[in-house]
Amino acid sequence: MNRKKAFQIIVTLPVVVYSLLLILIPIVYVLFLSFLKSDSFGGIEYQFTLENYLMIFDIIYIKILLKSFIIGLLTTFICICISYPFSIFLMDKSETKRNLLIKLVMIPFLTNSLIRTYGWIVLLRKSGVVNTTLSSLNLIDKPLNLMYNNLGIIIGMVYTLLPFMILPVYSAVSKIDARVIDAAKDLGANKIKRFIHIIVPETLAGVFNGSLMVFIPAIGYFFISDILGGGKIMIVGNLIKNQFLTARNWPFGAAISIFLIVFTFLLIRIYKKIGGKLDELGGL
Amino acid sequence: MKRKIILLLLILLMSCSCSKETTRELNVLNWTSYIPDEVIHDFEKQYNIKVNYGTYSSNEELLAKISSSKEGTYDLIFPSDYMIEVMKQRGLIDKLDKSKLTNYSNINPLFLNQEYDQYNEYSLPFLMATTLLAINTENIHDNITGYNDLLNPEYQNNIVLLDDQRIVIGAALQSFGYNMNDFSDEHLEDAYEFLMNLKKNVKAFDSDSPKTFLISKEVDIGLVWNAEGILAREENPNIQLVYPKEGYALSMDNYVLVKNGHNQDNAYLFIDYLLQDDVAQKIIDEYPYISTNKNISNLSDTELNSILKNGSYVTNSEINGENGIRKFDKLWARIK
Amino acid sequence: MEKKNKTLRNLFIILVYTFLYLPIVILVVFSFNASKMNIVFTHFTFEWYAKLFQNKDLLEAFRNTMIIAVVSTAVSTVIGTMSAVVLQKYDFKGKDLVNKLIYIPIVIPEIVLGIALLSVYTLFHLNLGMFTLILSHIAFSIPFVITSVRSTLTQLSPTYEQAAYDLGAGKIRTFFDVTLPLIMPGVISGGTLAFTLSLDDVVISYFTAGPGSNTLPLKIYSMIKTGITPDVNALSSLMLLVVIIVLVSITYIQSKSIQKRGKV
């Protein structure tokens, strides 16, 4: 009996140690930091304050938050608009073909994401492939501004995060019983009605799963806004990064992080309410 | 089987981290695009020292890295003038022992004993940079002489600025004829207005390689470091370099030892190596800043004197007892 | 009408793939381009592939990345698999909390985990470097392994293990001889996921790297900022080639084994 107990403790230890040491303590420490004062030397004063949270509501930072949320929402929306028809159209194909095509979605994402982002610079810049092609076809007479602006950031975000939407949406769509759709067809429901009344409710959890996995990274991926935004557009990711790596105001950076964590938990709550499972999040 | 693999990996890991202790190392943090890779590799070969070379793009970033990392993480850094005082006040740096440098005499005395480190106790000059305007005259036919000319609405999305708060806000202050180290709220508010107007014309903020924007013709105008401008002109002879009439920034970057660095002896070797004439030459061949080596000056004395006369150094923003850095940070976030 | 519809649908699918592959194809094409600037294609060359093997810094970053990915994947696969089994089989105090905690790295923005780990490393005066990088990669990989293994575990019928016990096998023996082979697909896919996440991580590495521990993504990030040279294109083309070879052979082996099973 004792040996059994000892064995159980030994095998349980790693996961407990891991979740305490590398998850709980770091997060609790950030929470602790967020209530401390920062001194003008960039150090931390051990003195309680709510200043950092109040600072988030300064109009400068509210604007940055809003901008990030808009970029994140647009990215999510575009990903949904691509993933739905893509998954539905894929259903026409045979199963082996479908499996192959889904693997093909994954391959680009097994290469370095920065390299792919760099690929977009080569494509989108003023003298880039897109502009030169368009002007040689006489479609434009002045190069388009495709990057170093919000458009560039959104293209980069959609590109980087698209598979996280396609996969859950596809797996939800593929689970819909084809007979239900046929029955609806027989009953005279047109395409739009079939989409709204059958496909949407059946795939809601999948779409929300995808939306979480797209939206949350999108507000934090500072490297995309850095590279494709020309360093003039700040999203929450850049803001946090700056507090830790240039402005040396760790407590403020910590407060924004806690704000993001709380926000994420709210979204997860909604996800669970509509029947989503945590285990399916981020599953590739 | 699996356990054996894990054991093997653990041993591998340990041997990795142990072997590091025994090889000779030097941990350097320097500005991006400042020392050619070749120079570092030659030094590594010659002295059998492994140089872990990291980079930063602004003094503020350097300060954050040094103050948040464990003591002894870095050995040698290259802060600019005003940052030396800031770091000294915070006890982040050590004094330099000039007697350990055999090539000390190669330094041009003109750059020694400056205000920011009166007797060069903590620093020795490495390279000097200035800001200037680079203009592609293929597409810009106006005569641009200063910062106010950049507000021309025709230049929409056509300017690259350094991603450096002190430099850019400083330039905005200079455009009104103020000192670039003016911290009064009123004048900073003017600078803010100026930059918000200018922002419509700004395509990007970049400190690491603004020349790329000019060379690839992404923009026609840049407020850039002098070497970046010169390199852009080498690729495209139509690029003209202009020292703004309202003034511009001077920036002297210095060898500085980080407090209690583990490899300070190696740092001295590296400094001494960089002070050699042939090495200094290699550096300015690739990055044509203003060399502090008296034997290989790339400018005539009159040119150099005129550059020094009209430019101004960024000063320590905390000198006036005001919390300057925070002010600049917030203003910068507002602009972006 | 139906036919036209079908062409439109296929066209949409093709467009999506074009979007997905365009930047990659461009990079591969430019890796054979003689011009250094990545702007116009001048003429064909293998020069950059040769240069790649002389670029010491890039190769060192590649080596670091591989060490981190292999070690962190190995550790997180073992701990993750163990954890998934333990969390399913045993009850212990605080299990609920642990069960909640392990989702945090999956759902919160990476940057938050990055700064949280950085803060704690600073608090405990750890030297930033390879060790902290590996630790951080383990931190974000384990949850993915756990969820992946757990999904196969829940489908597992307890009768197999019961049979093993009945035949007198001990716990450990049962695990290695019965349970592990059955959940292997979950372990492998979890491990693969951990490996790819580690290879590509920018955000968390950005905060937890130190001197001498440049990883490939960090190196590429700084190169993008200072002007990229085509040897990076060459490197990514090679990496892409490796990925495709691995994927194709996995698919091939899988289809072979399905055929075999079909025959029996």
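Here is the naming used below: chain letters follow the sequence lines, and residue numbers restart at 1 for every chain. Side-chain atoms are counted along with the backbone in the values below, which use heavy atoms only and exclude waters and symmetry mates.
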Evaluation steps, side-chain contact (heavy atoms from CB on, under 4.5 Å), between A:K277 and C:T147: CA-CA 11 Å; A:K277 291 192 192 76; C:T147 47; over 6 Å; no

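- Aromatic ring pairs are classed by plane angle as parallel below 30°, tilted from 30° to 60° and perpendicular above 60°; the pair C:F19 and A:Y159 is perpendicular.
- For C:V202, the part lying near chain A is the side chain, with the backbone staying farther off; criterion is any non-hydrogen pair under 4.5 Å.
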CA sep, side-chain torsions, deciding dist, call: A:F86, C:Y17, ring-ring contact (aromatic ring centres under 6.0 Å, His included): CA-CA 10 Å; A:F86 181 80; C:Y17 283 105; 5.6 Å; yes

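- Using a 4.5 Å cut-off between heavy atoms, C:K89 makes no contact with chain A at all.
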CA sep, side-chain torsions, deciding dist, call: C:V107, A:L212, side-chain contact (heavy atoms from CB on, under 4.5 Å): CA-CA 8 Å; C:V107 295; A:L212 279 177; 5.9 Å; no

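- Contacts with chain C (heavy atom to heavy atom, under 4.5 Å) involve these residues of residues 217-225 of chain A, listed by number: A:G220, A:Y221, A:F222, A:F223.
- Side chain of A:N112 to main chain of C:D200: no donor-acceptor pair is present (N/O by atom type, distance under 3.5 Å, no hydrogens or angles).
- Proximity to chain A (any heavy atom under 4.5 Å) is restricted, for C:P105, to the side chain, taken from C-beta onward.
- In terms of non-hydrogen atom pairs under 4.5 Å with chain C, the most contact-rich of A:V30, A:T264, A:I23 is A:I23.
- Ranked by heavy-atom pairs under 4.5 Å with chain C, the list A:Y18, A:F265, A:F263 is led by A:Y18.
- Both the backbone and the side chain of C:L240 come within contact range of chain A, each with at least one heavy atom under 4.5 Å from a heavy atom of that chain.
- Looking at C:I111, the atoms closer than 4.5 Å to chain A (heavy atoms on both sides) all sit in the side chain, from C-beta outward.
- C:I142 CD1 to A:S19 OG: the interatomic distance, rounded to the nearest 0.5 Å, is 9.0 Å.
- Both the backbone and the side chain of C:L135 come within less than 4.5 Å of a heavy atom in chain A.
- A salt bridge is defined here as a Lys NZ or Arg NE, NH1 or NH2 lying under 4.0 Å from an Asp or Glu carboxylate O, and C:K6 with A:D92 fails to meet this definition.
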